[in-house]
Every structure is written in C-alpha cells, then in structure tokens.
Number of protein chains: 2
Amino acid sequence: MYKIEFSDFFSSAFSVDCLIFGFTEGKIKTLLIKRSIEPYKDYWAIPGDLVYPDEDLPLAAERILRELTGLTNVQMHQAHTFGSPSRHPQGRVITIAYYALVRIEELSIKASSWADEVRWEPVLEVGDLAFDHNEILEATFDRLNKQLSIEPICFELLPEKFTLNEFQQLFEYSKGIPFDKANFRKKIKGIPLVKHTEKQTNVKHRPANLFSFNTCKELDRLEENEWAFKM
Amino acid sequence: MYKIEFSDFFSSAFSVDCLIFGFTEGKIKTLLIKRSIEPYKDYWAIPGDLVYPDEDLPLAAERILRELTGLTNVQMHQAHTFGSPSRHPQGRVITIAYYALVRIEELSIKASSWADEVRWEPVLEVGDLAFDHNEILEATFDRLNKQLSIEPICFELLPEKFTLNEFQQLFEYSKGIPFDKANFRKKIKGIPLVKHTEKQTNVKHRPANLFSFNTCKELDRLEENEWAFKM
DNA sequence: GCAAAAGTGTTTGGATTACACCCATGC
DNA sequence: GCATGGGTGTAATCCAAACACTTTTGC
C-alpha cells in the first residue's frame with residue numbers, strides 16, 4: 001500500500017524555533033543567537049533546536065529557549081510549521097515555530113549551550129540568518145501583527161508602566177503607518193488603563209503620564225463578552 | 001551535548017490531515033472518511049496519512065486528499081501542528097493540519113485507498129473521531145471562523161450563484177448568531193457582486209435573486225488597498 | 001520666549017442599529 | 001386570501017477622520 005516500508009516513515013526529526021518579540025525604543029525586536037556549531041556556524045539564527053523523540057512540543061520550546069538564552073517563564077504560542085525536504089542539510093527536519101511576547105527591560109538573557117552571543121534586533125532590520133530563518137521570522141512577524149490587531153496582547157510587549165505615546169508607537173511599528181494622536185487616544189478609551197501619579201522623567205519637554213493595564217478588570221470584561229479588542 | 005545520539009533524533013514520522021470545509025443547507029460541513037484499517041478501524045476520521053520522508057508538505061496534502069477522496073485542484077492552507085508524544089499508538093507521529101474551502105455541489109468525491117466511505121458532516125454535529133481528530137477539527141474550525149471575518153474567502157464556500165440569504169446564513173453559522181436582514185445587506189454593499197437575471201426556482205415563496213462574486217474587480221481593489229474585508 | 005512633545009475639543013460624514021413596511025410566489 | 005420568505009426605507013445613534021488648539025516642561 002505504501003511505496004516504502006511502514007517503519008521507514010520513522011526516519012525524520014523535528015525541531016522548534018522560538019521567536020521572542022520585545023519592544024523598546026519604538027521598535028519591535030526579536031531575539032537572535034549566534035551559532036557556535038555547524039551547520040551555519042557563526043551565523044545569526046532564531047533560537048531553536050531538535051526535539052527529543054518522546055518530548056512534547058510546548059515543553060521542548062520552553063527547554064530550548066532556556067538552554068540557549070536563560071529565559072524562563074515565557075508563555076509561547078505555536079505559529080507555522082516549515083517542512084521543505086531540503087531546508088536542513090543533515091536530513092529531514094521539520095521545524096515548528098513558536099513565538100512569545102516579552103518585556104525586554106524585565107529580562108536578563110545570556111548566551112549558553114551552543115549559543116555564542118544573544119542580541120535583540122529590530123525585526124525590520126535583521127540581515128541574513130541561518131537555514132530558512134528569514135522566511136520563518138517574516139511569517140511569524142506577520143502573524144504577530146495580525147494578532148496585535150485583534151487580541152489584547154500588546155500588554156505583554158509594553159513595559160509595566162508606559163506612556164500613551166509608547167503605546168501608540170507600538171501599533172505604528174506594527175502597522176507601518178503613523179496614527180493621529182488625538183484619535184488614537186479616543187480609540188483606546190475603552191481599554192481599562194490605570195493612571196499612575198508618577199510621571200515620565202529626564203525628558204526635555206512636558207513629561208507624559210504613565211499608565212498600566214488593569215489586567216483583572218480587562219479579563220473580567222473579556223469573560224463577560226463586554227468588549228472585543230480591535231485596533 | 002545531547003542526551004541521545006544525533007542519529008536517534010531521526011526516528012519520528014509525520015502526517016498531514018486535510019480538513020475540507022463546504023457549505024450547503026445552511027450549514028458548514030466537513031469531509032470525513034471511514035477508516036478500513038487499524039488503528040481506529042471503522043472509526044470516522046479526518047482524511048490524512050503519513051508523509052514520505054522526501055515529500056514536501058503541501059504536495060503531500062494534495063496527494064493524500066486525492067488518494068482518499070478523489071478530490072483534486074483544491075488549494076490548501078496550513079493550520080495548527082499537533083505533536084503530543086502519545087497521540088498515535090504506533091510511534092511518534094506529528095501531524096500538520098491543512099484546510100481548504102470548497103463548493104460542495106461542484107465536486108464528486110468517492111472513497112478510495114483505505115477509506116471505506118466518505119461523508120459530509122455538519123461541523124457542529126460530528127461525533128467521536130479517530131485519534132485526536134475532534135481536537136484538530138475544533139481548532140481548525142475556529143481558525144476558519146476567524147479567517148472568514150477578515151478575508152474574503154466566503155466566496156470559496158458559496159456556490160457559483162447564490163442568494164443573499166445563503167450568504168447571510170453562512171456568516172450566521174460561522175458566528176453562531178442571527179443577523180438583521182436589512183442591515184446585513186447594507187453591510188455587504190461594498191462587496192463587488194454581480195446580479196444575475198436568473199432567479200431562484202422551486203421555492204414556495206417569492207424567488208430570490210441570484211448573485212456571483214466579481215472576482216476580478218474584487219482582486220483589483222484588494223491590490224489597490226481600496227477595501228478591507230470585515231464582517 | 002521658544003522648541004518640543006503632551007494632551008484635549010469640535011466638526012463632519014459615514015457606518016451601524018433597530019424596526020417597520022411592502023412585494024412576489026405557491027397553495 | 002394567506003403563509004412564507006424576499007427585499008427596502010427611515011431615523012437615531014455611534015464612530016472615525018481631520019484638524020486646530022491649549023498645556024507643561026527644559027533651556
């Protein structure tokens with residue numbers, strides 16, 4: 001019935017790649033590592049590795065991210081699967097992309113295992129990466145952008161306390177177009193924000209107010225179907 | 001560096017599952033096959049099979065759908081990948097879900113290979129399926145529903161000529177809520193439809209007008225960024 | 001005072017909602 | 001005639017875009 005023996009189907013490997021996105025200085029950035037081993041030694045790459053044959057995918061994604069960058073407690077979501085027969089020089093390796101959103105300032109990352117260095121690179125400025133990682137990054141960033149428009153996940157990228165301008169810049173980078181300040185602020189009126197008494201410091205203009213998301217309130221309302229996030 | 005030999009990673013198999021969605025009688029339906037072989041012999045299942053170690057994923061999806069159901073020329077899109085180590089009783093098999101939208105009336109399907117029967121089943125009424133196929137169906141139907149709201153793919157589900165009521169019913173089934181007829185028709189004013197002189201027949205009430213989508217015009221406008229589909 | 005960015009108000013036109021009403025067909 | 005769904009109009013309301021304006025800080 002099959003053109004090969006049934007047992008010969010069990011000859012492939014698979015890997016996960018972890019696309020970690022953060023936001024600073026008005027740009028969405030992604031975490032890259034420098035490979036210290038072949039293939040693609042000394043190339044920059046998305047953190048990723050082979051999955052053990054008895055390992056579940058989400059756990060593998062956590063483990064691999066931790067081993068290469070030291071990051072823990074990062075909630076990852078599955079994106080696209082890439083399976084071109086020629087994408088890996090050492091055999092058939094299907095890779096499943098996972099992505100996560102993090103607050104860059106709250107993290108300490110450090111290269112380990114076979115990662116020589118780690119770096120945050122603005123998504124729109126990355127150069128040539130190992131394997132088909134440019135394609136993977138592009139597809140996953142597209143997906144992130146779509147998600148940002150329909151689900152309240154921008155909260156995970158912004159710092160704990162942020163200005164409304166930073167909030168706006170995040171969406172401007174995501175969509176690639178500038179927004180009108182007044183209209184943007186009217187639009188987000190429906191989102192439950194907490195205003196702090198504390199203000200921005202060390203700026204040579206009028207200091208902006210700092211806000212946080214009221215996560216509890218927001219989740220309550222989501223459950224009650226009182227609002228649909230839409231940007 | 002690894003806990004097992006490098007070569008031992010190459011011991012997994014992977015499959016694709018093809019979720020084919022259609023729309024008739026006011027319901028979105030999916031194509032199921034009855035398995036004639038173990039495991040899960042005589043269970044209903046999503047059409048799917050193992051991918052050859054040197055075969056590309058999209059081509060495998062086409063081949064497998066053709067072998068089991070006779071369907072050809074169906075454009076498939078990748079959805080989620082399911083990889084729980086215990087999901088297949090005969091070894092580690094990762095499965096990648098692909099989905100497609102088709103016009104049921106234009107197709108002739110017939111069971112072949114190890115499929116005993118094929119059947120169109122309303123998505124919201126399917127019973128227990130083989131493997132983790134209920135989970136796969138649910139996740140993929142969710143994804144389809146989201147896509148229906150943001151991209152003009154409803155065209156692929158409706159018959160070539162359709163009534164505005166059928167159009168409305170498709171979205172009502174997708175969202176699970178009824179719409180106001182007059183308002184629905186105002187909303188779709190922006191979509192380029194062609195009205196036929198021909199009308200509905202064999203109904204015991206006033207016959208409805210038949211419409212088709214003006215695909216060319218629609219694509220032109222998409223390219224010019226003149227409209228964003230939103231339902 | 002001036003530059004720079006924070007922050008707000010007003011107008012306008014287009015979309016969304018709720019609801020009522022008329023029309024064509026089979027029986 | 002009447003049941004059944006097809007098809008349309010209106011008024012109230014909400015929302016988004018465009019744009020101008022005021023405020024607060026550092027220098």
Side-chain angles (χ1 to χ4, degrees), chain A residues 24-27 148-150 158-159 161-212 221 225-231, chain B residues 23-27 148-150 152 158-159 161-212 221 225-231:
Chain A
T24 47
E25 296 152 355
K27 292 175 178 180
L148 276 173
S149 298
I150 56 176
L158 289 165
K161 295 175 183 178
F162 54 87
T163 68
L164 295 185
N165 207 37
E166 287 173 316
F167 193 16
Q168 182 175 338
Q169 282 171 10
L170 171 55
F171 282 97
E172 287 179 337
Y173 194 85
S174 168
K175 303 249 191 200
I177 48 166
F179 293 136
D180 179 278
K181 201 193 345 164
N183 293 337
F184 181 83
R185 283 159 194 235
K186 274 173 229 154
K187 193 170 198 166
I188 62 169
K189 273 271 159 38
I191 301 174
L193 296 182
V194 183
K195 186 174 175 174
H196 294 272
T197 50
E198 195 182 348
K199 283 178 198 295
Q200 203 181 25
T201 51
N202 293 322
V203 283
K204 67 173 201 278
H205 53 75
R206 174 176 174 181
N209 284 305
L210 290 172
F211 293 84
S212 292
R221 292 171 68 185
N225 275 320
E226 270 183 35
W227 76 324
F229 189 87
K230 224 172 208 176
M231 293 298 289
Chain B
F23 179 73
T24 46
E25 295 151 357
K27 293 175 176 179
L148 275 173
S149 297
I150 56 177
L158 289 165
K161 296 176 182 179
F162 54 88
T163 68
L164 296 184
N165 207 36
E166 287 173 316
F167 194 15
Q168 183 174 337
Q169 282 172 8
L170 170 56
F171 282 97
E172 287 179 336
Y173 195 85
S174 169
K175 302 250 191 201
I177 48 166
F179 294 136
D180 179 277
K181 201 196 338 170
N183 294 337
F184 180 82
R185 283 159 194 235
K186 272 174 230 155
K187 193 170 198 165
I188 62 169
K189 273 271 159 38
I191 301 174
L193 297 182
V194 182
K195 185 174 177 175
H196 293 272
T197 48
E198 195 184 347
K199 283 177 199 294
Q200 203 180 25
T201 51
N202 294 321
V203 283
K204 67 174 202 279
H205 53 75
R206 176 177 173 181
N209 284 305
L210 290 172
F211 293 83
S212 293
R221 293 171 67 183
N225 274 319
E226 271 183 35
W227 76 323
F229 188 88
K230 224 172 208 177
M231 292 298 287

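Per chain, numbering begins at 1; letters A, B, ... match sequence-line order.
- Following rounding to the nearest Å, Lys204(B) (NZ) and dG5(D) (P) show an atom-to-atom distance of 6 Å.
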Between the protein and nucleotides 21-23 of chain D, which nitrogen or oxygen pairs come in under 3.5 angstrom?
{"residue": "dT23(D)", "atom": "O2", "partner": "Arg206(A)", "partner atom": "NH1", "Å": "2.6"}

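- Between Asp180(A) atom CG and dT8(C) atom C1' the separation is 12 Å, expressed in whole Å.
- Here the CG atom belonging to Asn202(B) is positioned 12.5 Å from the NZ atom belonging to Lys204(B), to the nearest 0.5 angstrom.
- In the interface, the side chain of Asn183(B) is paired with the base of dA18(C) through a donor and an acceptor atom under 3.5 Å apart.
- Note: CZ (Phe179(B)) to P (dG5(D)) measures 19 Å, nearest angstrom.
- Checked by atom type and distance alone, the side chain of Glu198(B) never pairs as donor or acceptor with a backbone atom of Leu210(B) at under 3.5 Å.
- For Asn209(A) and dG7(C), the shortest distance from a side-chain N or O to OP1 or OP2 is below 4.0 Å.
- Taking the side chain as every heavy atom from C-beta outward, Phe171(B) and Ile188(B) never approach each other to under 4.5 Å.
- Contact detail for Phe229(A) and Leu148(A): the closest heavy-atom pair is CE2-O, 3.3 Å.
- Taking for each of Phe211(A) and Lys186(A) the nucleotide of DNA chain C with the nearest heavy atom, the 5'-most of the two is the partner of Phe211(A).
- With distances taken from any side-chain atom of His205(A) to the nucleotides dT25(C), dT8(D), dA5(C), the minimum falls on dA5(C).
- Distance, Lys230(B) NZ to dC15(D) P: 14 Å, rounded to whole Å.
- Atom-to-atom, CD1 of Ile177(A) to P of dA18(D) comes out at 10 Å; the value is rounded to the nearest Å.
- Residues from residues 194-201 of chain A with heavy atoms under 4.0 angstrom of DNA chain C: there are none.
- To the nearest 0.5 Å, the span separating CE on Met231(B) from CD1 on Ile191(B) amounts to 5.5 Å.
- The residue from Phe162(B), Phe179(B), Tyr173(B) that alone fulfils the ring-ring contact (aromatic ring centres under 6.0 Å, His included) condition with Phe167(B) is Phe162(B).
- Taking atom CG of residue Leu210(A) and atom C1' of nucleotide dA6(C), one finds them 12 Å apart after rounding to whole Å.
- Atom NZ in Lys187(B) sits roughly 20 Å away from atom P in dG7(D) (whole-Å rounding).
- Using a distance-only test at 3.5 Å, with no hydrogens or angles considered, no donor-acceptor pair links the side chain of Glu166(A) to the main chain of Leu158(A).
- Backbone-only engagement by Asn165(B) is indicated by non-hydrogen atom pairs under 4.0 Å involving sugar-phosphate atoms exclusively.
- Residue pairs meeting the salt bridge (charged side-chain N to carboxylate O under 4.0 Å, His left out) criterion with at least one member in residues 167-190 of chain B, sequence neighbours excluded, do not occur.
- Partner Ser212(A) forms a side-chain hydrogen bond (donor to acceptor under 3.5 Å, both in side chains) with one of His196(A), Lys161(A), Lys195(A) and no other, that one being His196(A).
- Contact annotation for Ala208(A): backbone-only contact, meaning every heavy-atom pair under 4.0 Å involves sugar-phosphate atoms and none involves a base.
- At whole-Å resolution of the value, CD1 in Ile188(B) and P in dA15(C) are 15 Å apart.
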